[in-house]
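Single-structure report; data block below.
Just so we're on the same page: letters track the sequence lines, and every chain starts at 1. Computed from a predicted model, the values in this text were never measured in an experiment.
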Amino acid sequence: MSSESSKKRKPKVIRSDGAPAEGKRNRSDTEQEGKYYSEEAEVDLRDPGRDYELYKYTCQELQRLMAEIQDLKSRGGKDVAVEIEDRRIQSCVHFMTLKKLNRLAHIRLKKGRDQTHEAKQKVDAYHLQLQNLLYEVMHLQKEITKCLEFKSKHEEIDLVSLEEFYKEAPPDISKAEVTMGDPHQQTLARLDWELEQRKRLAEKYRECLSNKEKILKEIEVKKEYLSSLQPRLNSIMQASLPVQEYLFMPFDQAHKQYETARHLPPPLYVLFVQATAYGQACAHMKSSQPPRQDKTLSVAIEGSVDEAKALFKPPEDSQDDESDSDAEEEQTTKRRRPTLGVQLDDKRKEMLKRHPLSVMLDLKCKDDSVLHLTFYYLMNLNIMTVKAKVTTATELITPISAGDLLSPDSVLSCLYPGDHGKKTPNPANQYQFDKVGILTLRDYVLDLGHPYLWVQKLGGLHFPKEQPQHTVIADHSLSASHMETTMKLLKTRVQSRLALHKQFASLEHGIVPVTSDCQYLFPAKVVSRLVKWVTIAHEDYMELHFTKDIVEAGLAGDTNLYYMALVERGTAKLQAAVVLNPGYSSIPPIFQLCLNWKGEKTNSNDDNIRAMESEVNVCYKELCGPRPSHQLLTNQLQRLCVLLDVYLETESHDDSVEGPKEFPQEKMCLRLFRGPSRMKPFKYNHPQGFFSHR
Amino acid sequence: MERAVPHAVPLGQMEVFQTLQRLHMTIFSQSVSPCGKFLAAGNNYGQIAVFSLSAALSSEAKEESKKPVVTFQAHDGPVYSMVSTDRHLLSAGDGEVKAWLWAEILKKGCKELWRRQPPYRTSLEVPEINALLLVPKENSLILAGGDCQLHAMDLETGAFTRALRGHTDYIHCLALRERSPEVLSGGEDGAVRLWDLRTAKEVQTIEVYKHEECSRPHNGRWIGCLATDSDWMVCGGGPALTLWHLRSSTPTTIFPMRAPQKHVTFYQDLILSAGQGRCVNQWQLSGELKAQVPGSSPGLLSLSLNQQPAAPECKVLTAAGNSCRVDVFTNLGYRAFSLSF
């Protein structure tokens, strides 16, 4: 108990010793200074740590006092009340202390808060300032890059090089001593120099312009003069026409032709130029006579120039035309709608369209017969075609068998070996045909003309064989290289055809027209006679039983002409099937024989018939006669008659048959038979007139 | 027909001429080389073509191996007859006989070794030589043809030793009797004459056309082919093909063939003949037709049996005539292929 109380007192003493004394002094201080008591000021003087200790001590004291009171109360007694009262007073003091401490704590808190707030405001202010500064820095940096990136206009100007500048610019502009070191000044100086120069050039330009205007005016004046000259010249030309005609110098006509020729498509133009050139060259070589008069080759252009010009007009025009025609068509075909077939027909027509201009070539032969060739150009197929016509000086009586000889369809067939003119020479055409359903050009050649290979060559068109088409351009050199040979071939072809024509006329009447200069090839007396000369069809020829060899050898093409000749002597009848190659007379007619006399004899069962065939087919060169050997066919037929005579006359007489021989031997022969195959003496020896073996 | 009809191709002047020449070619004569591997054929243009039988018969034969190894112009006129000695090829036609070395021919250096012309009497036309015959025992060559005589030529010296006269028309064919030195000749006059070479005299004459059994007046009298085997002789031509017994001069068998025959030969116990018509005919001695083997030519002029022991693999029968082809029969009943000029 006593210890407890002592303990209780002790802190009290301490407190009364220490803190109140201090507080009193502080109080007196503040009272002395401000004459009022300020708890706030007291706060500053007291140590918060000590207050805390005091607080702890007070709380303990209170707890102790409470515990004692409770203890006293629970014990009960009379003196307890005093004790409790005492204790209560003590506790009140302690509560007072606690209250004081509480206040102090509040004040301290408030103070602390104020301080924190103040500090925070300061920090905020600093932060704001920092932000401002950063922004300013950024702005400045941007400005700097902007400045750095600035492009001056002068950089685009193409300045003269530095060396040139120092060499050419006057020193008052270049100021070498200043500008050498300072690139800025240097650039400025160069710009100055540039300006100077440009000013000078502008001046010059103005001068030139005025000069040009002056010249233009001059030209106009001269043009006016020239245009006034044209009508005068024309009238002079007009006036000179009769003189030209009189002197056979149709320069004007030629000039007009050249004018027209400009509208020709390239291949026809090439042909025109080359043919004209060749014609002139030939005429010049001839003689001193005025050229043009005995010209063998004349060239002309036919067709409408306007249409040709229209081809090159801009497409709008044609569009109009088309719409017009469409309208018309609508009117006309209102009842009948165009079927698919009609459309395809139109397409075909379009594809096979010819250029409106064509080139006419007239080739005159020695006997005044003329070969008229008309060359066309098929624009969409890029090939050329030709139509031929032969006119003769004198009217010809046309033999029946000669029907095909001069027909435009066949007269030029196979001018070069294999050139039938039935197929298109341009490989690209086949694809075009496929589109519009044309099987082959063959069906159209009668109408369009024949696309012979030589025609393409004359036009300078060269097509690769069986290869996709390259660009085909009209080539002058190609045309020139073929012109002469082709013209010569054409001439021989016409002449040989005309010669054949004449021969056929006699052959049909059973006369073998041997000319006097070929008479030496045959004996004077020939008994066998030609009785028939007819033309036969290719198919009929193929079906003859004695022509198998020729068919198998590939010599019976469908471009050849086929004839049947019948030679008779007495009861013997000799049939001869003749293949006439279009290339007559360089390629000989080929004969196949069948003799009807004492049974049927052909080359397969009679060696001598075979020998007769080889006499006319293989040994034909002896029968050619004078060049250009157009009489070959006649001579071959006459030879055949002679051979038949020999064959019949030398046939061994059958002793068992009564009566005289049918064919007494009239020919003079050295021997009747020779060699293992018992050949008859077919060879005729001219001046002596006897027959011998080959 | 083995050859299909070719498509008519466009031909130039030269090609047409060459085609016609081939079409009208006749192969008159054949001869097998001493080695048995090559066959020479002569045609009516005077050319001799040499074919390699071994190449054409080999298993890897191509179209080219049926073409001539070498072709050369031997004569101006047709080559009617050819024979081969053990080194030479002798060819004759237009009055001359020419010798060629087989070794050189095969090396393609074709230069004639020598040429001889028999002494002819006529000067207007040079007579042809239709037949050549080697007489091995005498080492001589007998020529016969257009001048109706047989000329014997010594192969050693090249001199013409004898002339056998008797035929009245030109001579077609010759045959040698192996045992006795006797030669048979058949001619246009219709007679087969038997000559003794030692005495140079005519021993026997058979005028075939006078025998009614074989006479065919509408065909003429001429004897075109002749072959002999000991006492037997077979001949044909205008008269029918007939087998004769020589000693008795009687016809024993008449072969029923209408067309004139141009070549006949004995082969083992058969008789082979060919002539007008496509076929090679095989006859039994009794007159029975054993077989007819068709060839590719419309008419045949010569048969050649290659029996050279040096080349047994090339043992074939070849036939040629009125075409540019030589038919090769690998056995008697079958035509294997044709060699072509």
Given that the side chain runs from C-beta out, which part of [X] has a heavy atom under 4.5 Å from chain A: side chain, backbone, both or neither?
X	result
Tyr45(B)	side chain
Ser81(B)	neither
Glu128(B)	both

Decide if atom [atom1] of [X] counts as having more than 12 heavy atoms of other residues, nucleotides or ligands within a radius under 6.0 Å.
X	atom1	result
Asp76(B)	CG	no
Glu212(B)	CD	no
Gln73(B)	CD	yes

First locate atom CG of Asp549(A), then atom CZ of Arg22(B), and finally report the distance between them rounded to the nearest 0.5 Å. 12.5 Å
Let me confirm one number: the CG-CD1 distance from Leu20(B) to Ile590(A), rounded to the nearest 0.5 Å. 4.5 Å
Part of residues 605-617 of chain A lying next to chain B, heavy-atom separation under 4.5 Å: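 Residues Asn605(A), Asp606(A), Asp607(A), Arg610(A), Glu613(A), Ser614(A), Asn617(A) are the ones that qualify, each having a heavy atom under 4.5 Å from chain B.
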Just to be sure I understand the criterion: a residue of residues 671-678 of chain A counts if one of its heavy atoms is under 4.5 Å from a heavy atom of chain B. Which ones qualify?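 Arg671(A), Phe673(A), Arg674(A), Gly675(A), Pro676(A), Ser677(A), Arg678(A), listed by number.
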Contacts of Lys210(B) that satisfy side-chain contact (heavy atoms from CB on, under 4.5 Å) - sequence neighbours left out: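 Testing Lys210(B) for side-chain contact (heavy atoms from CB on, under 4.5 Å), a comparison that skips the adjacent residues, returns Glu207(B).
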Once side-chain contact (heavy atoms from CB on, under 4.5 Å) is applied, do any residues pair with Ala320(B), and if so which ones, sequence neighbours excluded? Ile27(B), Gln30(B), Ser302(B), Val326(B)
